[in-house]
Amino acid sequence: MAGELQFEKPLNELRQKIDELKRFGQERGIDFADEIARLELRYKSMEDELYDELSPAQKMHLARHQQRPTSLDLIQHIFTDFIELHGDRLFADDLAIVGGLAKLNGVPVTVIGHQRGKDTKDNIARFFGSPHPEGFRKALRLMQQANKFNRPIITLIDTKGAYPGNTAEERGQSEAIARNLREMAIFGVPIVCVVIGEGGSGGALALGVGNRVLMLENAIYSVISPNGAASILWKDASKADQAAEAMKITAKDLLEFGIIEEIVPEPQGGAHRDVVAQAESLKDAIWRHIQELTVMTPEQLTLDRYEKFRKIGTFSTLEDPAETADLQAPQSVNG
Amino acid sequence: MFKDLFHKKKYATIPSKNTKRDIPEGLMNKCPKCGTIQFSKELEKNLKVCPSCGHHFRMSAWERIQLIVDDGQLEEFDARMVSEDPLEFPGYAAKLEQQKKNSGLLDGVITGQGAIGGFPVILAVMSFDFFSGSMGSVVGEKITRAIETAMDRDLPLLIFSTSGGARMQESILSLMQMAKTSAALAKFQSAGGLYISVLTDPTMGGVSASFAMLGDYNLAEPAALVGFAGRIVIEQTIRQKLPDNFQTAEFNMQHGQIDKVVHRKELKQMLTKLLDMHTVREDAVHGG
């Protein structure tokens, strides 16, 4: 089966058996209806069991699935009248980020997303969805445009991270990301961000400073790719599955940490199993948040976004008996 | 025989008694760039700059404060804030304790108010000797509070950065500190606040991709490494050797990323000048 993941193998083997039995029955004119019904039941329960309790590593594999819907796939189904706009006006048009104008239920919005390639050739042109500075600067230009014309901004996050290359460094990869973080913080329009696949590090966050941040059920979001973490921590990139467990990268974890506002459910087996249904449920969620935010003034929107990020972090303050004068009570702020 | 002249004689190497003479720990220092060995005291007198090649050694936060702040006097903020282990990440709690012991610091940044050349300023000074200066919740929170204090007290803000990047062991919480600090800067800077960023060796990853590159003025010490992705990662990606000066302060200035490379000996003077440029004196405006 195309795009089969390791952990799905037993399920797919059972599916093959059922199909074989059906074919065999037809060819020989034997009635296996009871047997097939029994196997279908077993298949269903196996499927439920498998997908209800996916491990972080299994989710990571689903988030990176080659058939997982990309930003352009989802944009096509969620919005109408999409007009793609190109370039940062400074250097180039980075195809690792797409963006432009579109209508959401008839309302003009600006939509921007990381764009992975559909095949090898496409992936090379799009640097596997890893932006250069010009990509972040294109995104910033489109967001500034949205801010000027008072359009809500919707971003779709799906990248392993900013492109690690010499030309990216020469053109200011750090500055480009940093500037997006700073500017996104003070726009006076609603910003809704959705992690649709992999949210990798600063390259993801550069599109991620929103009033609301949502994640698809099997999407992941972390400070460094589990592969990178494994090679730093254990000098072994193949221990990515272990790192995925330790790093708390799933939508459920991030909801608990207060980083995201909502988990958007995926069709059983992942978003790629039913792209249209996925787009439909995501559209509903985005629309709900946009409606809630549209009633706010620009000042309220900026403050709302500031406060969301301001409270993130976990720390405490040591008591020092020698300094009782200016002693603060131990505190723990958990965003 | 004549032929024997062309035969190399073989000598055994006997280590000299003198070569293995033990150098007491901390008394002498070897420059990693030119190899010159010098007394640590001499090096410190020279502001931790190698007298023969000009290599800038890394400085801890308190050394930096002694160097830059008038009389080394700092009204420290949040001095007792410490990291938690929100993810219960394998080995993190133990590593924190070890880092505290080794560095004598509670986390990777010291913040407070002091004066530079007589100008009162809010400072945040990072220390590479604590957890490679990595940014977790404590670094992010202390820097954000320093920015907010600069805003409340209407004072200039100076951040001395040195960091390997975001702290992996706090995963997504670390990543979000980039957004938090940058958002605080957005508020401060759009309200007219002055922020001078001094990038010191090395400033990488999540720190360079947030507050460190957002100065109204970005200064850097000579040869300081400043960049987003590390050299090894890039070399593996592009499968090419990178030039020796890649990501140095000079390289960054050449590519338009920083305003100025400033030698450590001239740093305090340069900061004082910049602060002075932003001070409108009553007598200068109204004076005859």
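None of these values were measured; they are calculated from a predicted model. First the proteins, then the strands, lettered A, B, ... as listed; each starts at 1.
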Looking only at heavy atoms, which two atoms of [X] and [Y] are closest? And how far apart?
{"X": "B:Ala179", "Y": "A:Phe309", "value": "CB-CD2, 3.6 Å"}
{"X": "A:Ala246", "Y": "B:Phe89", "value": "O-CD1, 3.5 Å"}
{"X": "B:Ala186", "Y": "A:Ala185", "value": "CB-CB, 4.3 Å"}
{"X": "A:Phe315", "Y": "B:Glu84", "value": "O-OE2, 3.6 Å"}
{"X": "B:Leu175", "Y": "A:Ser201", "value": "CD1-C, 3.5 Å"}
{"X": "A:Leu181", "Y": "B:Ala209", "value": "CD1-O, 3.6 Å"}

Between [options], the one whose heavy-atom pairs under 4.5 Å with chain A are most numerous:
{"options": "B:Val138, B:Thr144, B:Asp85, B:Val233", "result": "B:Thr144"}
{"options": "B:Asn218, B:Leu87, B:Ile238", "result": "B:Leu87"}
{"options": "B:Gln247, B:Lys187, B:Glu88, B:Glu170", "result": "B:Lys187"}
{"options": "B:Gly91, B:Gly165, B:Gly136, B:Ala184", "result": "B:Ala184"}
{"options": "B:Ala183, B:Gly256, B:Gly205", "result": "B:Ala183"}

What distance do [X] atom [atom1] and [Y] atom [atom2] have between them, rounded to the nearest 0.5 Å?
{"X": "A:Asn166", "Y": "B:Phe246", "atom1": "CG", "atom2": "CZ", "value": "5.5 Å"}
{"X": "B:His255", "Y": "A:Glu170", "atom1": "NE2", "atom2": "CD", "value": "3.5 Å"}
{"X": "B:Ser208", "Y": "A:Gln173", "atom1": "OG", "atom2": "CD", "value": "9.5 Å"}
{"X": "B:Ser182", "Y": "A:Ile177", "atom1": "OG", "atom2": "CD1", "value": "10.5 Å"}
{"X": "B:Gln257", "Y": "A:Ser174", "atom1": "CD", "atom2": "OG", "value": "8.0 Å"}
{"X": "A:Tyr163", "Y": "B:Ile234", "atom1": "OH", "atom2": "CD1", "value": "9.5 Å"}

Any [X] side-chain heavy atom under 4.5 Å of [Y] side chain:
{"X": "B:Val82", "Y": "A:Thr317", "result": "no"}
{"X": "B:Leu173", "Y": "A:Ile312", "result": "yes"}
{"X": "B:Ile172", "Y": "A:Lys248", "result": "no"}

Checking side-chain contact (heavy atoms from CB on, under 4.5 Å) for the pair B:Met176/A:Tyr221: CA distance, chi angles, key distance, verdict?
CA-CA 11 Å; B:Met176 293 299 150; A:Tyr221 197 0; 3.6 Å; yes
Heavy-atom pairs under 4.5 Å with chain B: which of A:Thr302, A:Leu254, A:Asp253 has the most?
A:Leu254
Could you have a look at A:Ile224, A:Leu205, A:Val209 and say which one has the most heavy-atom pairs with chain B under 4.5 angstrom?
A:Leu205
If I measure from the heavy atoms of chain A, does [X] come under 4.5 Å with its side chain, its backbone, both, or neither?
{"X": "B:Gln236", "value": "neither"}
{"X": "B:Leu214", "value": "both"}
{"X": "B:Ala212", "value": "neither"}
{"X": "B:Leu242", "value": "side chain"}
{"X": "B:Gln169", "value": "side chain"}

Using a cut-off of 6.0 Å, state whether more than 12 heavy atoms not belonging to [X] lie near its atom [atom1].
{"X": "A:Lys252", "atom1": "NZ", "result": "no"}
{"X": "B:Asp152", "atom1": "CG", "result": "yes"}
{"X": "B:Glu76", "atom1": "CD", "result": "yes"}

So, are A:Arg310 and B:Glu148 salt-bridged, with charged N and O less than 4.0 Å apart?
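Looking at B:Glu148 together with A:Arg310, the answer is yes, because their closest N to O distance falls below 4.0 Å.
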Do NZ/NE/NH1/NH2 and the carboxylate oxygens of B:Arg231 and A:Glu169 come within less than 4.0 Å?
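Looking at B:Arg231 and A:Glu169, the cut-off is not met.
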Go through the steps for B:Phe211 and A:Arg182 under the test side-chain contact (heavy atoms from CB on, under 4.5 Å), then give the verdict.
CA-CA 9 Å; B:Phe211 57 84; A:Arg182 180 176 66 188; over 6 Å; no
Do the side chain of B:Ser137 and the main chain of A:Gly313 share a donor and acceptor less than 3.5 angstrom apart?
no
Using only atom types and a distance under 3.5 Å, with no angle test, would you say the side chain of B:Lys180 pairs donor to acceptor with the backbone of A:Lys311?
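The answer is no, because no donor-acceptor pair under 3.5 Å joins these two groups.
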Could you go step by step and tell me if B:Ser171 and A:Val223 meet the side-chain contact (heavy atoms from CB on, under 4.5 Å) rule?
CA-CA 5 Å; B:Ser171 195; A:Val223 69; 4.3 Å; yes
Measure A:Arg305 against the heavy atoms of chain B and call it side chain, backbone, both or neither at under 4.5 Å.
neither
